[in-house]
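Structure, as structure tokens:
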Amino acid sequence: MLTLKLIENKPEEVVARLAVKGFDAARLIDEITMLNDKRKNIQAELDGLLAEQNRMAKEAGVEIGRLKKEGRMDEAESIKLQTAEKTNDLREKSKGLESEAKTSEQKLHESLVLMPNLPHESVPRGRTAEDNFMVRSGGIIPPKSGKLPHWDLAARYDIIDFELGNKLTGAGFPVYKGKGAKLQRALVSFFLDHNIEAGYLEVQPPYMVNEDSAFGTGQLPDKEGQMYHATADNLYLIPTAEVPVTNILRDCILQNSDLPVKLTAYTPCFRREAGSYGKDVRGLNRLHQFDKVEIVQVRKPEESYQALDEMVAHVEKLINKLGLPYRIMRLCGGDMSFASALTYDFEVYSAAQERWLEVSSVSNFESFQANRLKLRYRSENKKTELLHTLNGSSLALPRILAALLENNQTENSIIIPETLQTYTGFSSI
RNA sequence: GGAGAAAUGGCCGAGUGGUCGAAGGCGCGCGCCUGGAAAGUGCGUAUACUCCAAAAGGGUAUCAAGGGUUCGAAUCCCUUUUUCUCCGCCA
């Protein structure tokens with residue numbers, strides 16, 4: 001959520017920057033300005049009325065107290081009646097205004113949450129993934145010849161059972177078996193350990209969150225259909241660890257000494273992915289439940305882009321250690337998420353499918369999430385200021401697993417990267 | 001799930017109808033004292049919205065959340081949430 005201050009003080013800049021995302025903000029800004037003026041007027045009038053009531057009650061109170069002390073009960077009663085009569089009108093009026101103020105505030109909020117985050121100035125213009133800018137690439141793309149796709153390998157070595165998942169739950173809920181299961185566990189530990197080493201604090205958050213949390217990170221109201229919803233208790237299965245982990249900081253005012261906040265968490269992620277079918281979602285490419293290790297940072301505004309670079313370098317190191325061919329893309333305006341100011345996507349090359357698979361997305365949200373979360377810190381001049389939030393996957397498992405299986409296959413086995421072997425306890429499948 | 005008790009500022013804790021944004025303490029900040037530190041001592045120390053060009057200052061709201069009673073609510077009533085104790089169930 002953008003701050004009202006920004007929208008009202010620099011409307012031209014907001015319009016210009018959002019054009020990069022292909023979003024026409026002009027009308028929405030007018031609406032927001034109008035709604036906010038209305039809200040202010042109502043609030044000012046209401047405050048005046050309430051002030052008047054408070055004043056009268058205070059005056060009457062002093063008088064009533066004095067009379068009672070002197071035992072002049074009748075006179076006290078009559079002042080009560082008089083005041084009641086005088087304030088009756090005011091009370092009626094302020095009740096009405098109060099509900100008006102509430103609706104106008106709600107409307108303002110509804111419009112405000114429609115406004116996407118401003119893209120950073122380095123974000124390239126563009127509409128689709130075609131327009132993303134490749135920052136750099138690394139690793140060696142193996143030859144395609146004789147490579148089987150991971151779903152065939154999974155069946156051949158009996159390490160991932162998609163059919164069994166269908167029986168238990170449905171499509172998109174595979175069962176990992178034997179070395180497949182161990183490999184999953186190894187990857188989670190490998191990622192977590194490296195994150196901890198880089199200064200992140202490991203947390204184990206709940207896998208279900210309440211409405212407030214889903215609102216806090218912006219899953220609600222717009223992405224309601226993406227989440228599994230347990231209606232009996234009104235809880236949502238998390239689509240990413242970002243939701244519970246970032247909400248840890250909701251409604252917090254941090255001190256200088258609390259910063260920077262660096263958290264990492266492993267969680268399963270649950271996504272309904274309604275409406276996506278076909279070959280792009282085959283095998284591990286798109287699942288309803290998958291494992292991911294997430295990193296989250298909370299930084300002072302002036303440090304956040306440096307932190308973003310650190311995070312990108314960190315994720316790159318992990319992929320390098322696994323020996324996977326990769327490329328880093330700076331997303332164009334049209335391909336970026338609603339809340340992001342700057343996003344780098346990591347893609348690894350999948351040899352048998354001959355395509356790039358997105359395995360991580362590292363973003364700086366600047367104060368966009370913090371504003372909604374009310375996440376602030378006390379700056380040098382003692383004022384509270386919004387912090388910047390960043391997050392990234394380090395990493396999402398299924399596509400890493402797919403790439404590992406496909407790229408490292410030999411005729412009769414799959415080679416486990418050396419760095420992982422201490423975690424798996426075996427060197428090949 | 002049943003019965004009972006409770007929820008107050010960063011923390012502890014007082015406050016059962018009035019001048020209470022809230023005593024006192026701890027913590028924290030700034031000073032004084034000291035050669036320096038501790039102790040002592042003085043002052044300050046919530047958030048959001050809003051008025052004012054800004055500062056100073058003012059207004060409104062907030063004592064778990066939402067409603068109600070009252071001239072007036074942290075205090076009384078109702079609903080919800082959470083916590084604790086006992087019982088039941090249970091990995």
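Here is how names work: the chains are called A, B, and so on, in the same order as the sequence lines, proteins then strands, and each is numbered from 1. Just so it is clear, the structure is predicted and the values come from calculations on it, not from any experiment. Worth knowing before you read on, the calculation uses all heavy atoms, side chains too, and leaves out hydrogens, waters and symmetry mates.
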Query - Separation of the C1' atoms in C11(B) and C63(B), to the nearest angstrom - result: 16 Å
Query - A48(B) to A53(B) separation - P atoms, rounded to the nearest Å - result: 22 Å
**Report entry** Partner set under ring-ring contact (aromatic ring centres under 6.0 Å, His included) for Tyr423(A), not counting sequence neighbours
**Finding:** Phe190(A)
Query raised in the report: In the structure shown, which nucleotide is the Watson-Crick or G-U wobble counterpart of C76(B), with both distances under 3.5 Å?
Result: G68(B)
**Report entry** Residue-level proximity of residues 371-378 of chain A to RNA chain B when a heavy atom falls under 4.0 Å
**Finding:** Arg376(A), Arg378(A)
Query raised in the report: Rounded to the nearest Å, what distance is computed from the CG atom of residue Leu49(A) to the P atom of nucleotide U50(B)?
Result: 18 Å
Query raised in the report: Angle class for the Tyr228(A)/His288(A) ring planes (parallel below 30°, perpendicular above 60°, tilted otherwise)?
Result: perpendicular
Query raised in the report: Could you write nucleotides 57-78 of chain B as a row of B, S and -, 5' to 3', where a protein heavy atom under 4.0 Å of any base atom gives B, of only sugar-phosphate atoms gives S, and otherwise -?
Result: --BSS-----S---BS------
Query raised in the report: Within less than 4.0 Å of OP1 or OP2 of A48(B), is there a side-chain N or O belonging to Thr384(A)?
Result: yes
**Report entry** Complementary nucleotide of A61(B), counting Watson-Crick and G-U pairs under 3.5 Å
**Finding:** U47(B)
Requested in this report: Measure the distance from NZ on Lys40(A) to C1' on A48(B) and round it to the nearest whole Å.
Outcome: 14 Å
**Report entry** Non-neighbouring partners of Arg55(A) that pass salt bridge (Lys or Arg N to Asp or Glu O under 4.0 Å), sequence neighbours left out
**Finding:** Glu52(A), Glu59(A)
Report task. Determine the Euclidean distance between corresponding C1' atoms of A73(B) and C20(B); express it in Å to zero decimal places. Result -> 11 Å
Query raised in the report: Once you round it to whole Å, what is the distance between P of A46(B) and NZ of Lys383(A)?
Result: 16 Å
Query raised in the report: C49(B) C1' sits how many Å from Leu97(A) CG, rounded?
Result: 16 Å
Report task. For residues 71-122 of chain A, pull every pair meeting ring-ring contact (aromatic ring centres under 6.0 Å, His included), keeping only residues two or more places apart or in separate chains. Result -> His120(A)-Tyr305(A)
Requested in this report: Find the distance Lys5(A):NZ to A48(B):C1' and express it as a whole number of Å.
Outcome: 14 Å
Query raised in the report: Using the P atom in both, what is the distance from G15(B) to U34(B), to the nearest Å?
Result: 42 Å
Requested in this report: Quote, to the nearest angstrom, the C1' distance that separates U75(B) from A23(B).
Outcome: 15 Å
Query raised in the report: Taking only residues two or more places apart in sequence, or in another chain, which ones meet Pro11(A) in a side-chain contact (heavy atoms from CB on, under 4.5 Å)?
Result: Ile29(A)
Query raised in the report: C49(B) and G40(B): how far apart are their P atoms, nearest whole angstrom?
Result: 39 Å
Report task. Just name whichever nucleotide pairs with C30(B), Watson-Crick or G-U, keeping both distances under 3.5 Å, else none. Result -> G42(B)
Report task. Determine the minimum heavy-atom distance between Lys179(A) and Ser428(A), stating which atoms define it. Result -> NZ-O, 3.1 Å
Query - Who pairs with A3(B) - Watson-Crick or G-U, where each distance is under 3.5 Å - result: U85(B)
Query raised in the report: Does a side-chain heavy-atom distance below 4.5 Å link Leu118(A) with Leu18(A)?
Result: yes
Report summary line: Re A22(B): Watson-Crick or G-U wobble partner, both distances kept under 3.5 Å, found to be none
Report summary line: Asn256(A) CG to C28(B) P, in whole Å, measures 16 Å
Query - Atom pair distance, as rounded to whole Å: CZ in Arg39(A) and C1' in C49(B) - result: 6 Å
Query raised in the report: Taking atom C1' in both A22(B) and U80(B), what distance in whole Å separates the two?
Result: 26 Å
Query - For Phe270(A), ring-ring contact (aromatic ring centres under 6.0 Å, His included) partners two or more places apart - result: none
Query raised in the report: Taking CG from Asp37(A) and C1' from C51(B), how many angstroms apart are they, rounded to a whole number?
Result: 15 Å
Query raised in the report: What are the two closest non-hydrogen atoms of Asn285(A) and His150(A), and how far apart are they?
Result: OD1-CE1, 3.6 Å
Report summary line: If pairing means Watson-Crick or G-U wobble with both distances under 3.5 Å, then the partner of G9(B) is none
Report task. Please identify each residue that fulfils side-chain contact (heavy atoms from CB on, under 4.5 Å) with Asn256(A), with sequence neighbours left out. Result -> Lys300(A), Glu380(A)
Query raised in the report: Taking any strand in view, what nucleotide pairs with A56(B) in a Watson-Crick or G-U wobble way, both distances under 3.5 Å?
Result: none
Report summary line: Sorted by chain and residue number, the side-chain hydrogen bond (donor to acceptor under 3.5 Å, both in side chains) partners of Glu385(A) (sequence neighbours excluded) come out as Ser379(A)
Requested in this report: Rounded to whole angstrom, note down the C1' distance from G1(B) over to A74(B).
Outcome: 33 Å
Query - Nucleotide opposite A91(B) in a Watson-Crick or G-U pair, distances under 3.5 Å - result: none
